[in-house]
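For the numbers below, each heavy atom of this structure counts, side chains included, while hydrogens, waters and symmetry mates do not. One is the number of the first residue; the rest follow in order along the sequence.
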Amino acid sequence: MADLAIKGRVVMNSEIPRERIIAQARLWINTPYQHQMSRRGAGCDCLGLVRGVWREIYGEEPLPVPAYTPNWSEQSGEETLRDAARKCLTQIEIKDAQAGDLLLFRMAENSPAKHIAIISAPRRMIHAYWGRCVIETLQVPYWQGRRAYAFSYPPL
């Protein structure tokens with residue numbers, strides 16, 4: 001693998017910091033769900049959780065995040081979340097995803113992916129649960145059937 005440029009700096013190729021990603025994500029558990037926020041302990045949504053973990057490990061976020069509504073993907077029909085993920089993460093096969101990787105979910109059949117979670121262990125994930133808080137939970141059949149894409153954070 002080649003070195004990765006992140007916001008004007010080069011990160012030397014090495015391993016993906018999986019254990020660190022999971023440890024950081026677990027620090028967000030019980031952070032209240034707040035749409036468009038990304039502040040541990042104060043509030044976040046699913047994207048805010050992933051952004052917050054990125055900041056803790058890599059520093060400055062790689063992309064600006066535009067304002068978005070709770071139903072943004074239904075309005076546009078575009079794979080906005082997937083396309084943004086492709087700009088700064090490595091897309092992998094869902095079957096190859098492991099702890100420390102990210103899963104994107106479709107909330108309805110034939111709709112764009114609009115929810116994201118961090119895999120914390122086999123069949124477990126950490127995500128911001130709408131209307132509640134960040135939780136670690138099993139990937140029950142409900143979630144397994146909605147998986148659309150998988151990504152890895154970049155190596156350090």
Item to complete: State plainly whether the residues Glu61 and Arg55 are in salt-bridge range, i.e. N to O under 4.0 Å.
Response: yes
Worksheet entry | Nearest non-hydrogen partners of Val134 and Cys44, listed with the distance | CG2-SG, 3.4 Å
Discussion item. For the CG atom of Asp96 and the OG atom of Ser152, what is their distance to the nearest 0.5 Å?
Written reply: 9.0 Å
Discussion item. Set out, in order, the CA-CA distance, both residues' side-chain angles and the distance that settles side-chain contact (heavy atoms from CB on, under 4.5 Å) for Lys87 and Leu63, then state yes or no.
Written reply: CA-CA 8 Å; Lys87 292 179 182 177; Leu63 300 171; 4.0 Å; yes
Discussion item. Return the CG to CZ distance between Leu138 and Arg124, rounded to the nearest 0.5 Å.
Written reply: 5.0 Å
Discussion item. Quick check against the 3.5 Å criterion: does Asp101 have a side-chain atom that pairs as donor or acceptor with the backbone of Gln98?
Written reply: yes
Fill in: Same cluster (ILVMFWY, side-chain, under 4.5 Å), Ile118 and Leu47
yes
Practice prompt. Look at the aromatic rings of His127 and His115 and report parallel, tilted or perpendicular, splitting at 30° and 60°.
Written response: perpendicular
Item to complete: Rounded to the nearest 0.5 Å, what's the gap from SG on Cys46 to CG on Leu102? Could you check?
Response: 10.5 Å
Practice prompt. Using the salt bridge (charged side-chain N to carboxylate O under 4.0 Å, His left out) rule, take Glu79 and Lys114 through it: C-alpha gap first, then chi angles, then the decisive distance, then the call.
Written response: CA-CA 8 Å; Glu79 290 284 2; Lys114 66 179 270 182; over 6 Å; no
Worksheet item: Just wondering, do Phe105 and Met125 contact through their side chains at under 4.5 Å, heavy atoms?
Response: yes
Practice prompt. Give, for atom CG of Asn30 and atom CD1 of Ile135, the distance between the pair rounded to the nearest 0.5 Å.
Written response: 9.5 Å
Practice prompt. For the pair Trp28 (side chain) and Gly52 (backbone), establish whether a donor and an acceptor sit closer than 3.5 Å, ignoring hydrogens and angles.
Written response: no
Discussion item. I'd like to know if Ile57 and Phe151 are part of one continuous hydrophobic network [Ile/Leu/Val/Met/Phe/Trp/Tyr, side-chain heavy atoms within less than 4.5 Å].
Written reply: yes
Practice prompt. Check for a donor-acceptor pair, side chain of Asp45 on one end and backbone N or O of Gln36 on the other, with a separation under 3.5 Å.
Written response: yes
Discussion item. Ignoring hydrogens, what is the shortest heavy-atom contact between Pro154 and Leu89? Give both atom names and the distance.
Written reply: CD-CD2, 4.1 Å
Discussion item. Can you tell me how far apart CD1 (Ile21) and CZ (Arg26) are? Round to the nearest 0.5 Å.
Written reply: 12.5 Å
Discussion item. Show the nearest heavy-atom pair for residues Leu103 and Ala150, with the distance to one decimal.
Written reply: CD2-CB, 3.9 Å
Worksheet item: Does Ile92 share a hydrophobic cluster with Ile119, counting links as ILVMFWY side-chain heavy atoms below 4.5 Å and allowing steps through other members?
Response: no
Worksheet item: Any side-chain donor paired with an acceptor under 3.5 Å for Arg39 and Thr31?
Response: no
Worksheet item: Between Arg147 and Trp143, is there a donor-acceptor pair closer than 3.5 Å when you use the side chain of the first and the backbone of the second?
Response: no
Worksheet item: Can a donor-acceptor pair be found between the side chains of Tyr149 and Arg82 at a distance below 3.5 Å?
Response: yes
Fill in: Pairing of Glu15 and Arg20 as salt bridge, 4.0 angstrom limit
no
Worksheet item: Can Leu104 be reached from Val65 by stepping across I, L, V, M, F, W or Y side chains whose heavy atoms are under 4.5 Å apart?
Response: yes
Practice prompt. State whether the side chain of Glu56 and the backbone N or O of Gln24 hold a donor-acceptor pair below 3.5 Å, judged by distance alone.
Written response: no
Worksheet item: Do the side chains of Met37 and Leu81 join up, straight or via other hydrophobic residues, at under 4.5 Å, putting them in one cluster?
Response: no
Worksheet item: Distance-only, no hydrogens or angles: does the Arg18 side chain make a donor-acceptor pair with backbone N or O of Ala99 under 3.5 Å?
Response: yes
Practice prompt. Could you please spell out the steps behind the side-chain contact (heavy atoms from CB on, under 4.5 Å) verdict for Trp54 and Tyr153?
Written response: CA-CA 8 Å; Trp54 177 286; Tyr153 279 100; 3.7 Å; yes
Item to complete: May I ask you to check whether Gln91 and Arg86 show a side-chain donor-acceptor distance below 3.5 Å?
Response: yes
